[in-house]
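Presented below is the structure to which this report refers.
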Amino acid sequence: MKAIRVNAYGGPEALSFEDVPDPVPAAGQALVRVEAAGVNFIDVYQRMGIYKNPVPFTLGQEGAGTVEAVADGVTVVKPGDRVSWTSVMGSYAQRAVVAADRLVPLPQSMTTRQGAAIMLQGMTAHYLAKSTYPLKPGDTCVVHAGAGGVGLLLTQIAKLCGAHVITTVSTPEKAALSKAAGADEVVLYTTEDFEAAAKKATGGKGVQVVYDSVGLTTYMKSFGSLAPRGLLALFGQSSGVVPPIDPAILAGKGSLFLTRPTLVHHIASNEELRQRAKDLFDWVGSGKLKLRIEHDYPLKDTAEAHKALEGRKTTGKVLLIP
Ligand code: NDP
């Protein structure tokens, strides 16, 4: 089968389109034909070696497809089932082996492309808005990169929770997309001061939570946007790695809270994985949550997909079609 391998860390040129043997499921695993694989910013970090996997490895940790075979001990899925998964390495390939308890069956109402598009970014948006800081009516939040994969979903879920949502984006085109996703206010943070906008929107008080995936270029102003005892959920670093933070900053800016959450700790149990998936699938099924899948690339063109994602050229979800 074909797969995208990383043999040495590096830029997009490190993505090697290769023939590899089909994987064989071990006990408790299923073999899945990958029909769509999700591209996520974490794949860029892993390709570059910022997050280290021993090389060589097959990249990608999100996808959807059809079960082809199951190994001993697997009863929750069977050949022919349509399934999706997240946080399982080896998804940029024509076939993948996945632990059966990490597979989520797809409802009839969802296409396989939708299944691949919603898992990683959708689960992230879900845990941020429902668990990290459970939003409620009366809250105001800031969502950075509001037209990105996580950003468009988090904006919609924050609105479902009843919050007032301020987003940041880099271009007027992205601002229009973010508005269409439900943002109450959109700030062009490349030219406007989002901290001032957040203060103005809250009558000078500041917001309850900032969901910050941009990192280096935003985190200090994110602190400044918060109300006393507000929470900075620093969940990514698309603009660069945030340096060590002096706890005195939290005191000085209003007894703030800082967390650096990751998805894996929010879907650790099968129950939590399935509960979050159920909410997301129900919202998609009822039309409350819209998926924007604008960018499809053949597997062999994965390097182009990475260049577009890193170059801020994408909005919503980027998929690879093996
Ligand atoms: P996005 O689709 O959001 O793409 C990244 C966006 O970040 C860009 O489109 C761009 O939006 C913005 N950005 C700002 N500065 C830069 C820069 N210097 N270079 C590139 N992009 C920049 O990606 P994802 O939705 O896949 O992921 C968003 C972030 O969330 C990533 O940092 C990712 O690692 C993180 N993440 C964390 C998870 C967790 O559990 N901790 C899980 C999932 C994702 P604009 O042009 O509008 O500024």
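Below, all heavy atoms of this structure are taken into account, side chains as well, without hydrogens, waters or symmetry copies. Counting convention: from 1, in listed order, for ligands and their atoms alike.
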Can you list the steps and then say if R102 with S87 is a side chain to side chain donor-acceptor pair (under 3.5 Å)?
CA-CA 9 Å; R102 295 286 89 189; S87 309; over 6 Å; no
Trace of the salt bridge (Lys or Arg N to Asp or Glu O under 4.0 Å) decision for E195 with K200:
CA-CA 9 Å; E195 180 180 347; K200 189 168 168 219; over 6 Å; no
Let me see the working for W283 and L160 under side-chain contact (heavy atoms from CB on, under 4.5 Å), right down to the final yes or no.
CA-CA 10 Å; W283 288 332; L160 287 175; 3.8 Å; yes
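Sorted by chain then number, the residues whose non-hydrogen atoms approach ligand 1 to under 4.0 Å are N40, F41, Y45, L120, Q121, T124, Y127, A145, G148, G149, V150, V169, S170, K174, Y189, S213, V214, F235, G236, Q237, S238, S239, R260, P261, T262, L263, L309, E310, R312.
Aromatic ring centroids of H144 and F194 lie under 6.0 Å apart.
Taking the six-membered ring where the residue is Trp, H295 and Y297 present parallel rings, their angle staying beneath 30° rather than reaching 60°.
For K2 and Y92, the positive end is not near the middle of the six-membered ring at less than 6.0 Å and at most 45° from its axis.
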